[in-house]
Amino acid sequence: MLVEILLYIIIFIYGIVIGSFVNVLIYRLPLHENITTEHSHCMSCGHRLRWYDLVPLFSWVFLKGKCRYCKTKISAQYPIIEAVNGCGYVLIFLMNGLNFTSILYALCFSMLTAITVIDWRTYEIPLGLNITILVLGAIHLALDYHNFLYYLIGMVSVSGFLLLLFIITGGRGIGGGDIKLMFAAGLLLGWKHIILALVIGCIIGSIVHLTLMKIKGKGRVLAFGPYLSIGIFIVMLFGSQILNWYIGLLF
């Protein structure tokens, strides 16, 4: 039990460290800034940050949410994203076990977190994030090659439907980034699971957006990526259980 607890603590630490990189993606990708070679810096004074300014969660708390150099307030987004990523990693490993698939799902979750925030703000999904998920799907396919048809059909079962919707509506009904997201995630999850992710995403998106339209006067246009991402995450955690429950109702 003690060893298992220590393993999950390590998983959480890895999660918040990668969550720090997710913050970099969220900030830099919409601005088309380099995510690998440019040093981390304060967005207000431009001062280059030291390693002790970048310790996930703890630096923000220690600095009381302010830049060490110019004392400008630092957005709470940074520790929130790091904590969410760490907790997401722990949940994925708890539900799917300590295996390589969980590693792929955890990395996918990081991409989904970045997609959720970026699409919510800009109505765009950076291509690089979808490509990363596609690569994770290709690795998963290689590991489970005996079921390759399940994953290959998953690539087109939902994305093909969304592409048809895109063509029929002239691009007004769905965004190209959403199509690419479901294409990539379909390879990772397989056709039954990606269809379930779409259904869950549509239900959550309808409820949340209709509520926002009612309360905050939001327009009809919505960023669909966050809801699809939530659907994918739920399926990564509970997809098989939900499918088995549904099939049990039918037979």
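These numbers come from the heavy atoms of this one structure, side chains and all, not from hydrogens, waters or symmetry mates. Just so you know, these numbers come straight off a predicted model, no measurement behind them.
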As a quick check of understanding, evaluate side-chain contact (heavy atoms from CB on, under 4.5 Å) for L107 and I133, giving each step before the final call.
CA-CA 8 Å; L107 293 174; I133 296 175; over 6 Å; no
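- Under a cut-off of 6.0 angstrom, the local environment of CZ in F161 is sparse, with at most 12 non-hydrogen atoms contributed by other residues, nucleotides or ligands.
- For Y150, the OH atom is densely surrounded, since the number of other residues' heavy atoms within 6.0 Å is greater than 12.
- Contact record, V84 with F109: O-CE2, 3.6 Å, taken as the closest heavy-atom pair.
- Taking the side chain as every heavy atom from C-beta outward, D144 and T101 never approach each other to under 4.5 Å.
- Contact of the L188 side chain with the I139 side chain is not registered, since no non-hydrogen atoms from C-beta on lie closer than 4.5 Å.
- Under the side-chain contact (heavy atoms from CB on, under 4.5 Å) test applied with I115, the options P226, S110, S229 reduce to a single match, S229.
- Both L228 and L212 belong to a single network of hydrophobic side chains, linked directly or stepwise wherever heavy atoms of I, L, V, M, F, W or Y lie under 4.5 Å apart.
- In this structure, R121 and I26 have side chains that are in contact, with non-hydrogen atoms separated by less than 4.5 Å.
- Two residues are said to be in side-chain contact when any heavy atoms from C-beta on lie closer than 4.5 Å; H193 and M236 fail this criterion.
- To the nearest 0.5 Å, atoms CG (L63) and CD1 (I74) are separated by 6.0 Å.
- Minimum interatomic distance between I118 and P30 (heavy atoms only, all atoms of both residues): CG2-CG, 3.9 Å.
- One hydrophobic cluster, built from ILVMFWY side chains closer than 4.5 Å, cannot hold both V55 and F62; they sit in different ones.
- W245 and I247 fall within the same hydrophobic cluster, defined by Ile, Leu, Val, Met, Phe, Trp and Tyr side-chain heavy atoms under 4.5 Å apart, directly or through other members.
- Considering all non-hydrogen atoms of both residues, L57 and E82 come closest at N-OE1, 2.7 Å.
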Check against side-chain contact (heavy atoms from CB on, under 4.5 Å), Y246 and L196
CA-CA 11 Å; Y246 180 73; L196 178 60; over 6 Å; no
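- Shortest non-hydrogen contact noted between S157 and I195 is OG-CG1, 4.2 Å.
- In this structure, the side chains of Y27 and E33 come closer than 4.5 Å at one or more pairs of heavy atoms.
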Please step through side chain to side chain donor-acceptor pair (under 3.5 Å) for the pair S102 and N99, ending with a clear verdict.
CA-CA 5 Å; S102 292; N99 52 58; 3.2 Å; yes
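- Between A83 and F12 the shortest heavy-atom distance is O-CE1, 4.1 Å.
- With contacts defined as side-chain heavy-atom distances shorter than 4.5 Å, the pair Y105/L189 qualifies.
- In terms of modelled atom types and a separation under 3.5 Å, the side chain of N23 and the main chain of Y78 share a donor-acceptor contact.
- The distance from atom CG of N130 to atom CD1 of I125, rounded to the nearest 0.5 Å, is 5.5 Å.
- The NZ atom of K192 lies 9.5 Å from the OG atom of S240; values are rounded to the nearest 0.5 Å.
- Considering all non-hydrogen atoms of both residues, L187 and A138 come closest at CD2-N, 3.5 Å.
- By the 4.5 Å heavy-atom criterion applied to side chains, K66 and T72 are not counted as neighbours.
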Could you go step by step and tell me if F183 and I179 meet the side-chain contact (heavy atoms from CB on, under 4.5 Å) rule?
CA-CA 6 Å; F183 180 83; I179 298 171; 5.5 Å; no
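- A 6.0 Å sphere centred on OH of Y8 holds more than 12 heavy atoms belonging to other residues, nucleotides or ligands.
- In terms of hydrophobic clustering, with Ile, Leu, Val, Met, Phe, Trp and Tyr side chains grouped at heavy-atom distances under 4.5 Å, Y151 and L149 are assigned to a common cluster.
- Side-chain atoms of D119 come within 3.5 Å of backbone atoms of G225 as a donor-acceptor pair (strictly under, hydrogens ignored).
- Atoms CG and OG1, from L25 and T132 in turn, are 8.0 Å apart once rounded to the nearest 0.5 Å.
- Checked by atom type and distance alone, the side chain of D178 never pairs as donor or acceptor with a backbone atom of F224 at under 3.5 Å.
- Note that the CG atom of L243 and the CZ atom of F238 stand 13.5 Å from one another [nearest 0.5 Å].
- If you take NZ on K73 and SG on C67, they are separated by 14.5 Å, rounding to the nearest 0.5 Å.
- A continuous path of Ile, Leu, Val, Met, Phe, Trp and Tyr side chains, each step under 4.5 Å between heavy atoms, connects I92 with L94, placing both in one hydrophobic cluster.
- By the 4.5 Å heavy-atom criterion applied to side chains, L112 and I230 are not counted as neighbours.
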Can you check side-chain contact (heavy atoms from CB on, under 4.5 Å) on C202 and Y227, steps first, answer last?
CA-CA 7 Å; C202 288; Y227 305 116; over 6 Å; no
